[in-house]
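A short write-up of the structure that comes next.
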2 protein chains.
Amino acid sequence: MTSAENLVKGGRKRSACPIASTLDILGDKWSLILVRDLLTGKQRYNQFCDSPEGVPTNLLAARLRKLEAQGVILKKPYQTRPVRYAYTLTPAGRALLPVLQEMSRWANSYIEGTWTPPEAFMSMKAKV
Amino acid sequence: MTSAENLVKGGRKRSACPIASTLDILGDKWSLILVRDLLTGKQRYNQFCDSPEGVPTNLLAARLRKLEAQGVILKKPYQTRPVRYAYTLTPAGRALLPVLQEMSRWANSYIEGTWTPPEAFMSMKAKV
DNA sequence: ATTCGTCACTTGAATATCACAAGTTACTCT
DNA sequence: AGAGTAACTTGTGATATTCAAGTGACGAAT
């Protein structure tokens, strides 16, 4: 049984289709890139900026806010003076791993010139 | 070995990351909805229009064009007089099934009020 | 032979989102 | 005092999306 605090906030859904509902939350060019970065250990704003895709900073801030509001990620200060924030995945966020693994598998099979992810990533199990 | 005609055309990639590359092709609100519809048997323009999400027709035409250009779907007339078109998935398109299955699983676990897809869909194997 | 309906789109106008560059705030370090 | 870093915000112009309506080819019905 999934407890209520582990659920994302769906907001307004286009339909009750699970695929459409997922896309309502994550269906854009940047959200899953951030989830990828979080799954591979990045935690801080500037680390996301440094990813090779080069997310615009205003979009980065907007996506982080949105994903936090939806319960996919968590933001909390890990130090004061000066205050610095760490972003982490919620259980719901971590559970996206299989989606990203399947995307990777697909891309490696059908898009030329994509990196093969580290074996560690592909064989990782989401511990929720 | 994947033969060249089964590859999608990546276009300009933000990076060689397989996840980012997948999102370059499919990272929007509508593309995977269309793939879902195609996987579940829809083939024609008006059938896509009828899906409960209500894709705007100009976007539908644009997405069909884009996905065809990228090698995810195929468009061909299935009758003349009057000419009518059927859209189908290429092997690359059919291979997206596991991605959609994982999205469904995720949504069913973490988004309240999503439909459980038919067992037939969840246990389906992509025959590429 | 005109009208009606269907299919597969296109067009236009309003609104929203995006990318890119620059600026801001709070703090530390030298 | 001045430079540097982290985490954003703001402004501007380009692009994309939504919504509504229109188009053209054809076939069937009146």
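All chains are named by letter (A, B, ...) in the order of the sequence lines, taking the proteins before the strands, and each is independently numbered beginning at 1.
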What's the [atom1]-[atom2] distance between [X] and [N], to the nearest Å?
X	N	atom1	atom2	answer
Leu60(A)	dT17(C)	CG	P	17 Å
Ile33(B)	dT18(D)	CD1	P	11 Å
Asp50(B)	dA8(C)	CG	P	11 Å
Leu34(B)	dC9(C)	CG	P	13 Å
Gln79(B)	dC7(C)	CD	P	11 Å
Lys76(A)	dA7(D)	NZ	P	15 Å
Arg44(A)	dA7(D)	CZ	C1'	10 Å
Gln47(B)	dC9(C)	CD	C1'	16 Å

Practice task
Output yes when Lys29(B) and Asp28(A) qualify as a salt bridge under the 4.0 Å nitrogen-oxygen rule, no when they do not.
Solution key: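 Asp28(A) and Lys29(B): not salt-bridged.
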
Problem - Cationic N near anionic O, under 4.0 Å, Lys13(A) to Glu53(B) - result: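 No.
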
By nearest atom, which of the nucleotides [options] is closest to the [X] side chain?
X	options	result
Asn46(B)	dA8(C), dC18(C), dC8(D)	dA8(C)
Leu59(B)	dT17(D), dC27(C), dC9(C)	dT17(D)
Tyr85(B)	dA8(C), dA19(C), dC27(C)	dA8(C)
Lys75(A)	dC8(D), dC26(D), dA8(C)	dC8(D)

Exercise for the section: Taking the side chain as every heavy atom from C-beta outward, state whether Thr88(B) and Gln43(B) have any pair of such atoms under 4.5 Å apart. Expected result: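 A side-chain contact exists here, since the closest heavy-atom pair is under 4.5 Å.
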
Practice task
Taking all heavy atoms of Ser21(B) and all of Thr114(A), pick out the closest pair and write down the distance.
Solution key: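 Between these two residues, the closest heavy atoms are OG-CG2, 3.6 Å.
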
Practice task
Could you tell me which non-hydrogen atom of Ala107(A) sits nearest to which non-hydrogen atom of Pro18(B), and how far apart they are?
Solution key: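 For Ala107(A) versus Pro18(B), the nearest heavy atoms are CB-O, 3.3 Å.
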
Handout entry: Straight-line distance of Leu97(A) CG to Phe121(A) CZ, nearest 0.5 Å
Key =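 Result: 5.5 Å between the selected atoms.
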
Practice task
Tell me what Phe48(B) touches on the nucleic acid: a base, only sugar-phosphate, or nothing, going by heavy atoms under 4.0 Å.
Solution key: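 Since no nucleic acid heavy atom lies under 4.0 Å of Phe48(B), the category is nothing.
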
Practice task
Would you state whether a donor and an acceptor, one from the side chain of Asn58(B) and one from the base of dT18(D), lie under 3.5 Å apart?
Solution key: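 Present.
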
Problem - Runs of at least three Watson-Crick or G-U pairs with DNA chain C, cut-off 3.5 Å - result: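 If one scans DNA chain C for consecutive Watson-Crick or G-U pairs, the stems found are C:1-30 with D:1-30.
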
Measuring to OP1 and OP2 of [N], would you say a side-chain N or O of [X] lies under 4.0 angstrom away?
X	N	value
Trp30(B)	dT18(D)	yes
Lys29(A)	dT15(D)	no
Tyr87(B)	dC7(C)	no
Arg81(A)	dA26(C)	no

Problem - Residue met sooner reading DNA chain C from 5', once Asp28(A) and Tyr45(B) are mapped to nucleotides - result: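 Its nucleotide being nearer the 5' end, the pick is Tyr45(B).
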
Practice task
Check whether any side-chain N or O of Glu102(A) sits under 3.5 Å from a backbone N or O of Val99(A) as a donor-acceptor pair, and report yes or no.
Solution key: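 No.
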
Handout entry: Same apolar cluster (I L V M F W Y, side chains within < 4.5 Å links), Met124(A)/Trp106(A)
Key =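 Same hydrophobic cluster.
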
Handout entry: Closest-nucleotide 5' rank along DNA chain D - winner of Arg65(A) and Arg84(A)
Key =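 Looking at DNA chain D, the more 5' nearest nucleotide goes with Arg84(A).
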
